[in-house]
Amino acid sequence: MAKIETTCVQGGWEPKKGEPRVVPIYQSTTFKYDTSAQMADLFDLKAEGYFYTRLQNPTNDVVAKKIAALEGGVAAMLTSSGQAASFYSIFNICEAGDHFISTAAIYGGTFNLFEVTMRKLGIEVTFVDQDASDEEIEKAFRPNTKAFFGETIANPAGSVLDIERMAKIAHKHGVPLIIDNTFATPVNCRPFEFGADIVTHSTTKYMDGHACAVGGVIVDSGNFDWEAYHDKFKGLTEPDPSYHGLAYTKAFGKGAYITKATAQLMRDLGSIQSPQNAFLLNIGLETLHLRVPRHCENALAVAKYLQNHPKVAWVDYAGLEGNKYYELSKKQFTNGLPCGVLTFGVKGGRDKSIQFMDSLKMICIVTHVADARSCVLHPASHTHRQLSDEQLLEAGIRPDLIRFSVGIENVEDIIADLEQALSQI
Ligand SMILES: *Cc1c(COP(=O)(O)O)cnc(C)c1O
């Protein structure tokens with residue numbers, strides 16, 4: 001099998017004689033057939049082929065195939081956003097009356113989805129502290145629990161998840177472990193190697209890497225044995241009346257989970273990625289293996305600089321020696337470093353943090369992370385601005401917390417901008 005760098009550049013697309021070297025954008029909603037019977041076989045999932053882009057599109061499939069290979073999975077499906085990927089990953093195996101478990105330190109959008117919107121659908125979540133003991137976490141499991149969800153590196157908290165430990169807990173209770181691997185990317189961490197069963201991404205972040213296209217992906221390892229828990233996962237193991245009584249596990253084996261997500265959820269809910277965005281995502285993926293190590297290298301240098309600055313109150317980066325997650329990072333991440341995102345606070349609290357951010361020149365204030373350009377966000381003034389300082393602390397966000405997504409510019413220029421901004425407060 002090709003090494004990860006080669007897969008980033010060439011994976012998924014093998015043109016034949018005279019075909020385009022670069023994956024083409026199949027900007028077509030529909031595909032042509034010669035006979036009515038040919039089309040009927042597609043609708044029955046008896047034959048493979050394209051008929052309508054809401055279900056499958058050749059450009060999207062190439063990119064999904066590349067990401068499946070990067071993660072070491074058997075199949076993948078692109079979605080319109082990371083939010084759609086998180087939703088489908090759970091909704092594919094949970095329905096009203098079911099329950100799932102999630103770690104509490106997750107992306108704010110995912111938290112809302114699980115806590116508010118999924119409850120409206122009758123699906124209940126229990127949040128657990130990922131650093132609690134096995135015993136403590138296991139208390140959350142119920143007979144109707146169908147999945148365990150966590151983030152490799154939490155956005156914005158930066159906490160690192162011990163995937164191997166979580167996989168053992170999930171499997172002990174007969175449910176799959178679903179991992180949002182957005183911040184680590186398969187270049188730094190391949191959750192399937194630590195026992196995870198399903199991986200999701202917001203491809204909007206490092207995978208695209210240029211802040212051009214919102215997107216998401218779900219990858220299946222093919223390792224979870226749905227049939228071993230036949231009664232728990234009837235949606236996969238028993239005939240689907242909306243697909244002529246076809247049972248996904250029996251008809252598609254290791255491809256069951258992604259086929260169901262495509263044939264049922266994408267058909268009914270339609271959160272497809274546009275082929276144009278899939279094309280842009282693919283260009284991003286071609287340099288993922290070059291960009292991610294540079295993001296990490298720069299983040300470590302910035303973290304060390306900030307740690308030694310007299311005006312900086314604290315720095316949180318799992319790649320820094322002495323950090324709570326330092327040892328786990330060494331074990332779980334390919335180059336020992338988590339990603340390019342770190343958090344810190346300046347002395348003097350909220351007002352000084354704002355003054356510092358307003359003084360930055362090259363580093364911009366944007367609601368984004370994990371793209372080539374360095375950027376900052378102050379949750380207390382932006383994403384969580386309705387909360388008082390007391391409420392912020394309850395939500396685990398220090399009022400002075402600055403989320404810094406370190407880009408791939410020259411690190412001396414990044415530090416010079418920090419230096420001049422710090423000198424102004
Ligand atoms: C951004 C993000 C999401 C949501 O992705 P969108 O593409 O913005 O919908 C999910 N998980 C993590 C870790 C994220 O950073």
Side-chain angles (χ1 to χ4, degrees), residues 60 63-64 67 71 76-91 102-118 125 127 130 147 149-161 163 166 177-189 191 196 198-219 269-274 276-278 280-281 284-285 288 292 295 299 318 333 338-343 366-372 375-377 379 382-384 396-397 403-407:
N60 291 19
V63 182
I67 297 173
E71 287 287 6
M77 178 178 90
L78 297 189
T79 57
S80 55
S81 67
Q83 284 301 104
S86 303
F87 175 56
Y88 281 20
S89 74
I90 300 284
F91 199 55
S102 171
T103 55
I106 50 171
Y107 175 66
T110 314
F111 189 88
N112 280 334
L113 168 68
F114 290 175
E115 174 71 16
V116 182
T117 303
M118 297 292 265
V125 65
F127 291 105
Q130 65 190 54
F149 185 99
E151 266 173 37
T152 309
I153 304 163
N155 174 12
S159 335
V160 179
L161 189 71
I163 298 172
M166 299 303 143
L177 179 68
I178 305 175
I179 292 292
D180 179 337
N181 197 33
T182 298
F183 268 20
T185 85
V187 170
N188 266 0
C189 179
I198 290 149
V199 158
T200 64
H201 285 271
S202 165
T203 61
T204 317
K205 314 295 167 51
Y206 287 119
M207 280 193 168
D208 166 22
H210 301 80
C212 289
V214 173
V217 68
I218 308 174
V219 191
L269 301 169
S271 316
I272 58 146
Q273 189 163 128
S274 79
Q276 174 76 45
N277 277 4
L280 291 171
L281 168 58
L285 290 171
L288 187 68
V292 167
H295 278 288
F333 301 129
C339 63
V341 182
L342 56 89
T343 59
V366 298
T367 308
H368 202 250
V369 276
D371 74 75
C375 62
V376 287
L377 183 82
H382 307 134
T383 46
H384 298 69
I397 295 167
R403 184 182 70 184
F404 185 14
S405 177
V406 183

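Just so you know, ligand 1 is whichever comes first in the structure, and atom 1 is the first atom listed for that ligand.
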*Asks:* Measure the distances from the heavy atoms of A370 to every atom of ligand 1 and state whether one is below 4.0 angstrom.
*Replies:*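 False for this residue.
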*Asks:* Is there any N or O on N155 that sits under 3.5 Å from an N or O of ligand 1?
*Replies:*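 Yes, since at least one N or O of N155 sits under 3.5 Å from an N or O of ligand 1.
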*Asks:* Ignoring hydrogens and angles, state whether a donor on the side chain of T182 or Y206 is under 3.5 Å from an acceptor on the partner side chain.
*Replies:*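 Note: T182 and Y206 side chains miss the donor-acceptor criterion.
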*Asks:* Side chains of T203 and D208 only: does a donor on one sit below 3.5 Å from an acceptor on the other?
*Replies:* no
*Asks:* Using a 4.0 Å cut-off to any heavy atom of T204, which atoms of ligand 1 qualify?
*Replies:*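 Result: 6 (P), 7 (O).
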*Asks:* May I ask you to check whether V369 has an N/O atom sitting below 3.5 Å from an N/O atom of ligand 1?
*Replies:* no
*Asks:* Kindly compute the distance separating CD1 (I153) from CZ (F333), expressed to the nearest 0.5 Å.
*Replies:* 4.0 Å
*Asks:* What's the verdict on side-chain hydrogen bond (donor to acceptor under 3.5 Å, both in side chains) for S271 and Y88, showing C-alpha distance, side-chain angles and the deciding distance?
*Replies:* CA-CA 9 Å; S271 316; Y88 281 20; 3.0 Å; yes
*Asks:* Are I90 and F114 close enough that some pair of their side-chain heavy atoms sits under 4.5 Å apart?
*Replies:* yes
*Asks:* Give the minimum heavy-atom separation between A211 and H368, together with the two atoms involved.
*Replies:*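 In terms of heavy atoms, the two residues are closest at CB-CE1, 3.8 Å.
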*Asks:* Minimum heavy-atom separation for C189 and I163, please, with both atom names.
*Replies:* SG-CD1, 3.9 Å
*Asks:* Considering only non-hydrogen protein atoms, determine which one is nearest to atom 6 (P) of ligand 1 and report residue, atom name and distance to 0.1 Å.
*Replies:*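 Its nearest protein heavy-atom neighbour is G82 N, 3.4 Å.
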*Asks:* Within ligand 1, which atoms have a heavy atom of Q83 less than 4.0 Å away?
*Replies:*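 Those qualifying, in numeric order: 4 (C), 5 (O), 6 (P), 9 (O).
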*Asks:* Nearest 0.5 Å, please: how far is CG in L280 from CG in L285?
*Replies:*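 Going from the CG atom of L285 to the CG atom of L280 covers 11.0 Å.
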*Asks:* Give the atom numbers and elements of ligand 1 that come within less than 4.0 Å of a heavy atom of E151.
*Replies:*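 Counting from 1, the qualifying ligand atoms are 13 (C).
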*Asks:* Within ligand 1, which atoms have a heavy atom of G215 less than 4.0 Å away?
*Replies:* 7 (O)
*Asks:* Who's the nearest protein heavy-atom neighbour of atom 12 (C) of ligand 1, and how far?
*Replies:*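 Answer, as residue, atom name and distance: D180 OD2, 3.5 Å.
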*Asks:* Closer than 4.0 Å to some heavy atom of S81 - which atoms of ligand 1 meet that?
*Replies:* 7 (O), 9 (O)
*Asks:* What residue and atom, counting heavy atoms only, is the protein's closest point to atom 1 (C) of ligand 1, and at what distance?
*Replies:*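 Of the protein heavy atoms, K205 NZ, 1.5 Å lies nearest.
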*Asks:* Under 4.0 Å from a heavy atom of F183: which atoms of ligand 1 are those, numbered in the order shown and with their elements?
*Replies:* 15 (O)
